[in-house]
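Please read the structure below before turning to the comments.
When reading the values below, keep in mind they use all heavy atoms of this one structure, side chains included, and skip hydrogens, waters and symmetry mates. All chains are named by letter (A, B, ...) in the order of the sequence lines, taking the proteins before the strands, and each is independently numbered beginning at 1.
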There are 2 protein chains.
Amino acid sequence: MSLPETKERILDSAEYLFARKGFHNTSLRAITGRAAVNLAAVNYHFGSKEALLEAVFERRLVPLNKVRRKNLEVVRETARREGRLPGVEESLRAFIEPTLAFRKSGTGAEDFITLVGRAMSDPDDTVRNVFIRHIAPLFYMLFDILREALPELSPDMLFWRLQFAIGAMGHAICMAGKSYSLPEGVTPVSDVESLTAMLLDFVVAGMERA
Amino acid sequence: MSLPETKERILDSAEYLFARKGFHNTSLRAITGRAAVNLAAVNYHFGSKEALLEAVFERRLVPLNKVRRKNLEVVRETARREGRLPGVEESLRAFIEPTLAFRKSGTGAEDFITLVGRAMSDPDDTVRNVFIRHIAPLFYMLFDILREALPELSPDMLFWRLQFAIGAMGHAICMAGKSYSLPEGVTPVSDVESLTAMLLDFVVAGMERA
DNA sequence: TTTTTTTTCAAACATATGTTTTAATTGAAC
DNA sequence: GTTCAATTAAAACATATGTTTGAAAAAAAA
C-alpha cells in the first residue's frame, strides 16, 4: 500500500514500548508485533533499531523544541523592549510549560514525555546521547537567559541550580500519571496545570535563593 | 578456594557495569569476565541475574538506610526534646547528606550512587521495583517529619515538593563526576560538600516557598 | 497492459543471552 | 590419608536478539 501508515505505526509502537520497558529491554519483535507490521519493516524503513530510537525522538522533539525556543526568544525580546532584565519565572516557564503541556498534545505524547523524563538519566549511552544532542542547544539558551536574569549568581552556582531544576522536572514527568503507593492523606493531582504551577513555584524559589 | 572473594568480586563488577551500562545492557559474561570468575558463578552464588541486582542494592542500601534512618530519628528526637518542630533544612539534610557523602565511602561506592541516581527513573520495572522496595520506608519517614516541619502545607503539595527535591537529588547524583560539555565560564565543582550545600540550599528554598 | 519501483513477507543467519549440567578441583573434618 | 561438602570450571542448552536475504505482492510509471 505504501501507506505512510507503516512508519507511523512503528514509531507509535516503539514510543509506547521504549517508554514503558526501556530501549534495550524492548525487542524489535515486540515493536513490530504491537504495530502489526512485519519484523523486517523496521530495518527497511529506519535502517536499525538505534536509528528507530533516533526517529522516535526526532518526531516529537523537533516541534517541541521549536516552541521552547520561540518562547525563550519572546522572553528575551520582551525584556529587551521593556528595558529590563528577563525574569526568572518567565524564563523557566518558557521552557517548562511546553514540556509538561506536551503531554496533552495528542496520542502517544504521554508516552513520549515519559521517555524524555527518563532519557536524561538513562544509563545507556545510546539513549542519553540521542536525547542530549536534541536538548543541549535549548539548555544553553535557557542558561544564557538565566545568566541575565540572575547576574549576581556565579556561573557555577547557576549551572547546578539549573541542573537541579531539570532534575526536578524530569522526575515530575516520570511520576505524573503513575500510581505509586502514596503516603496517607495524599491524593496527588496530576492535571498538568497544577503540576506545572507547583513545579515552577519550587524551582523559581530554589533558583532565586539568596 | 571458597574465598568470600568471589561473591564480592561479582558484586563489584556488577555494580560497576550496571551503573555504566544499565541492567539489561549488561550481560553475565561481561560481569564474570570483568570479575575474572567463571560464568556459572553468578547463578551458583546468587541464583539469577535478577537476584544479583537485588544483592548489589542490598549490600550498600542496608547500611546507608541505617544511617539515614538514624539521622531522621535524631532530628525528630532533638526537636521533641527541645519542644519545637523539626526544621526543614535539618530534615532534608538528614536524608540527603549521607546519600551524597556515601560516594566517598569506599571503592565502588561512586558506582553505586550513580546506580541509585538512575534507579529512581529506570524504565525497567525490575530495577525500579527493587530500588523502591528499599527506599520507600525512608521516603515515608522523611515525608512524615516534613509534615511536622511544614504543618501549613497541604499533604499533596508537600508530596510533590518532596518529589521535586528527590528528582533534583537524583539528577545531581547522576551528573556529579560526569564530564558533559558545559556552558562557557562554568567549571563545575564536584566535591561533595559544595554540591550538598548547593543542593540543600535549592531544595530548602523550594520546600519553604510560601 | 507492461514495466519498473516500492513495499511486504516469511525464512534464515549469525550471534548473544541467562541458565543448567556434569565433571574436576578445592578445603576442611574426620 | 580419606571422606565429604563446597566451590570452580568447561561445555552444552534453549531461547531471544538485530539484521539480512530473496521472493512475492502492491503501487506507480511507462
Whole angstroms only, please: what is the [atom1]-[atom2] distance between [X] and [N]?
X       : N      : atom1 : atom2 : answer
A:Lys7  : C:dT6  : NZ    : P     : 14 Å
A:Tyr44 : D:dG22 : OH    : C1'   : 14 Å
A:Ile10 : C:dT7  : CD1   : P     : 12 Å

Partner set under side-chain hydrogen bond (donor to acceptor under 3.5 Å, both in side chains) for A:Arg93, not counting sequence neighbours: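 For A:Arg93 the side-chain hydrogen bond (donor to acceptor under 3.5 Å, both in side chains) partners, ignoring immediate neighbours, are A:Glu89, A:Glu97.
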Results of side-chain hydrogen bond (donor to acceptor under 3.5 Å, both in side chains) for A:Thr126 - residues two or more places apart only: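 If we apply the side-chain hydrogen bond (donor to acceptor under 3.5 Å, both in side chains) test to A:Thr126, skipping adjacent residues, the hits are A:Asp124.
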Sequence neighbours excluded, every pair satisfying salt bridge (Lys or Arg N to Asp or Glu O under 4.0 Å) that has a member inside residues 133-142 of chain B: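 Listed by first then second residue: B:Glu54-B:Arg133.
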Side-chain donor/acceptor pairs under 3.5 Å, residues 194-208 of chain B, sequence neighbours excluded:
unit_1	atom_1	unit_2	atom_2	d
B:Ser194	OG	B:Asp191	OD1	2.8
B:Ser194	OG	B:Asp191	OD2	2.9
B:Thr196	OG1	B:Val192	O	2.7

The contact string for nucleotides 11-18 of chain C, one letter per nucleotide 5' to 3', using protein heavy atoms under 4.0 Å with B, S and - for base, sugar-phosphate only and none, comes out as -B----BB
A:Phe23: ring pair (Phe, Tyr, Trp, His ring centres under 6.0 Å) partners, not counting sequence neighbours: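 Only A:Phe18 meet the ring pair (Phe, Tyr, Trp, His ring centres under 6.0 Å) criterion with A:Phe23.
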Distance-only, no hydrogens or angles: does the B:Asn65 side chain make a donor-acceptor pair with backbone N or O of B:His134 under 3.5 Å?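 Judged by distance alone, yes, a pair lies under 3.5 Å.
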Short side-chain N/O contact to D:dT8 OP1/OP2 from B:Thr6, under 4.0 Å: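 For D:dT8, OP1/OP2 do have a side-chain N/O of B:Thr6 under 4.0 Å.
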